Amino acid sequence: MKSIKFDYPHTVKNYKIVEGRNLKLYIFEPTVHLKNNSAILFLNGGSFKKEPKTPVQFQHQAHYFSSKGMVAICVDYRNGADKGFLPTQAICDAKSAVRWVRENSNELGVDINKIVVCGSSAGAYIAVSSIMFDDLNDESDNESINHIPNVLVVFSGVMDGVDIMRRRYPKLLGKAFELSPIHNVKKCLPQTLWICGTADIDYEQNKEFIELMEQEGNDITFKTYEGMEHGFFNYGRHKNYYYHKTELEIERYLHLLNLI
């Protein structure tokens, strides 16, 4: 994996060693330490590429939410740079990260019932799949520890697993249907904020998935941004106008849930 450099102070913890890889959590600690802080875990996008994005993608959001009293964590998980990578590995890693935070909640000062997961693009697919597909777990995980976050935040996810496997992972084509959120609609998500631009290539798929999931009783708040493309919210785009706008959108949502 390429060298990871953050612009803000943080601590690093290993949450799992798998296939010779030390998977890390980059933890941005709040300025005020309580015994019941909320935690927010960020799963970056672009992770299916051979030269994937890194956890640095969400460092600015992590720094911001730590300033609001949350324990903010950028999650390193297996990705396209790892030999023999498959999305199922990343799904397992997302579960492991949440379990690690709950298991180490006293050390972190985190309330185990105030855990948020935020995923973008491929990271959103991984986040949703980690909640939806119960049977995917690493053998090293303690499955008695709950892996489902209390709140989910999504930036434009790819929810058609059949398409993902067809394009990128033919080895998983035989299991593609069961690894596809849009083909396994059910009531399973925690309270969810879903953000997507209307010019995003995956906008219609996101809209369809949300409608189907709401019909099954999932509580999803869908916020759209007119004319915005995939990744419009990233720091450095649009002179950071939408970075700040979506950051405040998430803050308002979490405030309503008494997580900030």
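Computed from a predicted structure; not experimentally measured.
A donor-acceptor contact shorter than 3.5 Å links the side chain of Asn146 to the backbone of Ile148. Between the side chain of His230 and the backbone N or O of Ile201, no donor-acceptor pair lies under 3.5 Å. Remark: side-chain polar atoms of Asn218 are not paired, donor with acceptor, to backbone N or O of Glu214 under 3.5 angstrom. Side-chain atoms of Gln59 come within 3.5 Å of backbone N or O of Asp7 as a donor-acceptor pair. Counting only distance, with no hydrogens or angles, the side chain of Ser66 and the backbone of Pro30 share no donor-acceptor pair below 3.5 Å. The closest donor-acceptor contact from the side chain of Tyr77 to the backbone of Asn44 lies under 3.5 Å. Proximity of a side-chain donor or acceptor of Asp200 to a complementary backbone N or O of Ser156 within less than 3.5 Å is not detected. A donor-acceptor pair under 3.5 Å is absent between the side-chain atoms of Ser121 and the main chain of Gly123, judged by distance alone.
Comment: Lys95 does not engage Asp141 in a salt bridge, judged by the lack of any side-chain N to carboxylate O separation of less than 4.0 angstrom. A salt bridge links Asp138 to Arg78: one of the charged nitrogens lies within less than 4.0 Å of a carboxylate oxygen. For Arg252 and Glu247, the salt-bridge test fails: no basic side-chain N is under 4.0 Å from an acidic carboxylate O. Ion pairing between a basic and an acidic side chain is recognised when a charged N comes within 4.0 Å of a carboxylate O; Arg99 and Glu143 show no such pairing.
Both Phe232 and Tyr241 are part of a single hydrophobic cluster, where members link through side-chain heavy atoms under 4.5 Å apart. Linking ILVMFWY side-chain heavy atoms closer than 4.5 Å, directly or via other members, places Val151 and Phe28 in two distinct hydrophobic clusters. There is a path of hydrophobic side-chain contacts, each under 4.5 Å, that joins Phe42 to Leu257. Taken together through direct or relayed side-chain contacts under 4.5 Å among Ile, Leu, Val, Met, Phe, Trp and Tyr, Met70 and Ile112 form parts of separate hydrophobic clusters.
Looking at Phe233 and Ile195, their side chains never come closer than 4.5 Å, going by heavy atoms from C-beta outward. Between Leu25 and Asp76 there is no side-chain heavy-atom pair separated by less than 4.5 Å. Val71 has its side chain out of reach of Glu29: every pair of non-hydrogen atoms, C-beta onward, lies at least 4.5 Å apart. Met228 is not listed as a side-chain neighbour of Lys245, based on a closest heavy-atom distance of 4.5 Å or more. With contacts defined as side-chain heavy-atom distances shorter than 4.5 Å, the pair Val98/Leu41 qualifies.
There is a side-chain donor-acceptor pair under 3.5 Å between Glu229 and His238. Side-chain contact annotation: Gln57 with Asn234, donor-acceptor N/O pair under 3.5 Å present.
The local environment of NE2 in His255 is sparse, with at most 12 non-hydrogen atoms from other residues, nucleotides or ligands closer than 6.0 Å.
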Audit row: Leu248, Tyr243, side chain to side chain contact (heavy atoms under 4.5 Å, CB included) steps and yes/no: CA-CA 9 Å; Leu248 291 174; Tyr243 157 74; over 6 Å; no
Show your reasoning for whether side chain to side chain contact (heavy atoms under 4.5 Å, CB included) applies to Leu136 and Leu179. CA-CA 10 Å; Leu136 294 174; Leu179 293 172; 3.8 Å; yes
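Taking the ring centroids of Trp194 and Phe155, they lie at or beyond the 6.0 Å cut-off. Taking the six-membered ring for Trp and the full ring otherwise, the centers of Tyr8 and His60 sit less than 6.0 Å from each other.
The aromatic rings of Phe85 and Phe48 lie tilted to each other, with the angle between the two planes from 30° to 60°. The aromatic rings of Tyr242 and Tyr225 sit perpendicular, their planes meeting at an angle over 60°, well past the 30° parallel limit.
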